[in-house]
There are 2 protein chains.
Amino acid sequence: MIGQYQHSIDAKGRLFIPAKFREELGETFYVTIGLDGCLSVYSDTKWASLIEKVEALPLSKARSMRTLFANAAKCEPDAQGRILIPAKLREYAKLEKEVIITGASRCVELWNPERWAPIESEGLDPENLAAAMEELGF
Amino acid sequence: MIGQYQHSIDAKGRLFIPAKFREELGETFYVTIGLDGCLSVYSDTKWASLIEKVEALPLSKARSMRTLFANAAKCEPDAQGRILIPAKLREYAKLEKEVIITGASRCVELWNPERWAPIESEGLDPENLAAAMEELGF
DNA sequence: AGTCAGGTGGGGGAAAGTGGGGAATAGTAG
DNA sequence: CTACTATTCCCCACTTTCCCCCACCTGACT
């Protein structure tokens, strides 16, 4: 799941998911709250493995995952590849008109452009980029 | 991956990858942002090992890798060995018409000629070259 | 000169992306 | 229970992008 796209939520609240991502996500996927104010979209299988990990957690720690599940939604794209995002989630990520759809290796993330911009430019900063590559030993 | 070539991006945004590199890169490869304003091209296997390393990273560090994935693209050359470079990446590396394609041992790099020139002449400078060789203990 | 492989250019069709009409369902008020 | 509104889903039509294919050029080797 790599790449970056921009699409807008139409008048009926639908968001188009690029074909590239749909291929990898399968035909049903799960949207939930993500880090730093984005939404994360997982494929069926990734979601299942996430559930598995949470269930293996001691109860005390699993408690903090409550909101993750409370704010999750199962989405099935229509024939044109668009999904309907629950109002609650749209609000959390401040998704209004334009949405940035980015690949994040294990999942796809949905961003409000204004929130995404600083994160992207930070990662593009030569110092940070060099540090990141070094971290990977690449 | 060694050598240096120059090719131009055609009217449809396609860039020709020399046969020498295609042999080593395989038939699907990954283009992403590189250091000093170039683009890096990795083979399927190199990319897979990169993913592996990122997924092993603690979440806090993996987060800073977001831009790396958002600004990456999977490319499959057409029957003539050309790839389509996403506009976003082309912009990052300021690739317009002419492109320098260089071997960088582990990957192939794509450069705007004007950005490449100072880097090459710096590396060609006898003093720097000698210093670099010495660093290697060669 | 002829052949072959690498490289260049462009036409056309399929698929991706975009927008909106309208039916089915559910919720609300009268 | 009925009428009205809102939400969701399904379908159709249009535009744009991209990818597949073919034709041609150039240089190397015979």
Side-chain angles (χ1 to χ4, degrees), chain A residues 1-31 39 41 43 71-92 95-103 108-111 113, chain B residues 1-31 39 41 44 70-91 95-103 108-111 113:
Chain A
M1 324 249 212
I2 55 173
Q4 179 180 162
Y5 303 85
Q6 172 155 13
H7 284 294
S8 51
I9 294 179
D10 70 16
K12 295 184 181 181
R14 298 174 297 187
L15 175 66
F16 189 86
I17 303 295
K20 286 259 169 61
F21 287 148
R22 268 170 10 233
E23 267 171 37
E24 301 194 64
L25 288 168
E27 51 191 45
T28 64
F29 36 85
Y30 294 84
V31 185
L39 297 182
V41 185
S43 70
N71 291 290
K74 182 175 178 176
C75 287
E76 304 195 338
D78 66 15
Q80 277 78 267
R82 295 171 293 194
I83 57 169
L84 206 63
I85 301 173
K88 189 97 183 175
L89 284 172
R90 233 182 303 160
E91 202 179 305
Y92 168 80
L95 303 183
E96 276 138 42
K97 187 98 184 102
E98 297 301 310
V99 178
I100 306 283
I101 302 154
T102 64
V108 169
E109 294 182 339
L110 309 180
W111 290 88
Chain B
M1 322 250 212
I2 53 171
Q4 179 180 156
Y5 303 84
Q6 172 155 13
H7 285 292
S8 52
I9 293 178
D10 70 17
K12 293 186 180 178
R14 298 173 297 189
L15 175 66
F16 189 85
I17 303 295
K20 286 263 168 60
F21 287 149
R22 269 175 2 239
E23 269 170 37
E24 300 194 64
L25 288 168
E27 51 190 47
T28 64
F29 36 86
Y30 293 84
V31 184
L39 297 181
V41 185
D44 214 338
N71 291 289
K74 181 176 180 176
C75 288
E76 305 197 334
D78 64 17
Q80 279 78 262
R82 295 170 294 193
I83 57 169
L84 201 64
I85 301 175
K88 192 92 187 172
L89 286 173
R90 236 181 300 158
E91 202 179 302
L95 302 182
E96 275 139 43
K97 190 92 185 109
E98 297 303 309
V99 178
I100 307 282
I101 302 155
T102 63
V108 169
E109 293 183 338
L110 310 180
W111 290 89

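Proteins get letters first, then strands, A, B, ... in listed order; numbering begins at 1 in each.
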With a 6.0 Å cut-off (strictly less than), is the heavy-atom count around CD of A/Glu91, excluding the residue itself, greater than 12?
no
Looking at the side chain of A/Ala19, which of C/dG7, C/dG12, C/dA16 is the nearest nucleotide?
C/dA16
Does a side-chain heavy-atom distance below 4.5 Å link A/Phe29 with A/Ile83?
yes
What's the shortest heavy-atom distance between B/Gly3 and B/Phe21, and which atoms?
O-CZ, 3.9 Å
Could you tell me whether A/Lys74 atom NZ has more than 12 heavy atoms of other residues or ligands within 6.0 Å of it?
no
Side-chain donor/acceptor contact of A/Lys12 with base of C/dG21 under 3.5 Å:
yes
Trace of the side chain to side chain contact (heavy atoms under 4.5 Å, CB included) decision for B/Phe16 with B/Arg22:
CA-CA 10 Å; B/Phe16 189 85; B/Arg22 269 175 2 239; 3.5 Å; yes
Tell me which residues in residues 75-83 of chain A lie within less than 4.0 Å of DNA chain C, going by non-hydrogen atoms.
A/Gln80, A/Arg82
So which one's nearest nucleotide on DNA chain C is more toward 5', A/Asp10 or B/Gln6?
B/Gln6
Outermost nucleotides of DNA chain D that come under 4.0 Å of a non-hydrogen atom of chain B:
D/dC18 to D/dC22
Looking at side-chain heavy atoms only, is the closest gap between A/Gln4 and B/Pro86 below 4.5 Å?
no
Please report the distance, rounded to the nearest Å, between CZ in A/Phe16 and P in C/dA15.
14 Å
Set of residues satisfying side chain to side chain donor-acceptor pair (under 3.5 Å) with respect to A/Ser8, sequence neighbours excluded
none
Student check: side-chain heavy atoms of B/Arg90 and B/Leu15 closer than 4.5 Å:
no
Do B/Arg14 and C/dG7 share a donor-acceptor pair, side chain to base, under 3.5 Å?
no
